[in-house]
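Take a look at the structure below.
Scope of the values below: all heavy atoms of this structure, side chains included, with no hydrogens, waters or symmetry mates.
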Amino acid sequence: MSEAVMVDGEPEAAHGEESEAPRAGGRVQSVIAGAIPVLLGAVAAWLSFGLNIGSLTEPGPGLWPLIVAGLLVASGIGIIAVTARTRRDTEAFTRGTVAVLAAAGGLAVYASLYEIVGFEVPTVLLLFAWLRLLSRESWLMSAILAVAVTAVAYALFIIGLNVPLPHLIAF
């Protein structure tokens, strides 16, 4: 028999805050959760070879992406090898999983537009989408925050630190 969690001297369920245990995901979802970083890491490793790897003493721009991609692949293999084989308490994919995938998809679109359109427009659009759709902020608050955060990032990186980011607005 399990003990009831007490809140203000009464069982928690009396306050209407009954907690539900997450649905079990099982082995298949563990394998999928491990396969995703393996695939992403493999694609990132393949793309990093196009950036000139260089050597450890004279690293090229592709060396760190290759190292990170290798760690991503190793993590995914670890998830598949250990978690999928030994753990039975993985959680099922939920609506939150879809939100994470949507955020990652938005980041992929951002990365593809960044070089073409510049820094400002994709940044405002990504922040607006994340604030409105993921955080459920109001339309007005999402718009204000997206523009304000982009302006601060612009001022900090482009004006203040003189980072050579592709941008449309020139001061």
Residues two or more places apart in sequence or in another chain: which of them pass side-chain hydrogen bond (donor to acceptor under 3.5 Å, both in side chains) with T57?
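In terms of side-chain hydrogen bond (donor to acceptor under 3.5 Å, both in side chains), with neighbours along the sequence ignored, T57 is linked to S55.
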Return the set of residues passing side-chain hydrogen bond (donor to acceptor under 3.5 Å, both in side chains) with Y114 (not counting sequence neighbours), or none when no residue passes.
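With neighbours one apart ignored, the set is empty.
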Members other than [X] in its cluster, when Ile, Leu, Val, Met, Phe, Trp, Tyr link by side-chain heavy atoms under 4.5 Å?
X: I144; value: L140
X: L127; value: V149
X: V124; value: V147
X: L39; value: none

Please check if the number of heavy atoms outside L161 that lie under 6.0 Å from its CG is greater than 12.
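It does: L161 CG has more than 12 such atoms within range.
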From OG1 (T97) to CD1 (I32), nearest 0.5 Å:
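One gets 10.5 Å once the value is rounded to the nearest 0.5 Å.
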Return each pair, listed once, that meets ring pair (Phe, Tyr, Trp, His ring centres under 6.0 Å) where at least one residue sits in residues 129-153; pairs must be two or more places apart or across chains.
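Sorted result for residues 129-153: F128-W139.
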Partners passing side chain to side chain contact (heavy atoms under 4.5 Å, CB included) against [X] (at least two apart in sequence or in another chain):
X: L47; value: V43
X: A153; value: F119, F157
X: L113; value: V109, V117, P122

Qualifying side-chain hydrogen bond (donor to acceptor under 3.5 Å, both in side chains) pairs, either residue in residues 98-113, two or more places apart
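Counting only pairs at least two positions apart or across chains, the side-chain hydrogen bond (donor to acceptor under 3.5 Å, both in side chains) contacts touching residues 98-113 are Y110-T123.
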Let me check something: any side-chain donor-acceptor pairs from residues 58-79 under 3.5 Å, sequence neighbours excluded? List them with distances.
| unit_1 | atom_1 | unit_2 | atom_2 | d |
| --- | --- | --- | --- | --- |
| S75 | OG | L71 | O | 2.9 |

Connected via hydrophobic side-chain network under 4.5 Å: [X] and [Y]:
X: L134; Y: L131; answer: no
X: L156; Y: I158; answer: yes
X: V152; Y: I159; answer: no

On a heavy-atom basis, which atom in R132 and which in S138 lie closest, and how many Å separate them?
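Taking every non-hydrogen atom into account, NH1-CA, 4.0 Å.
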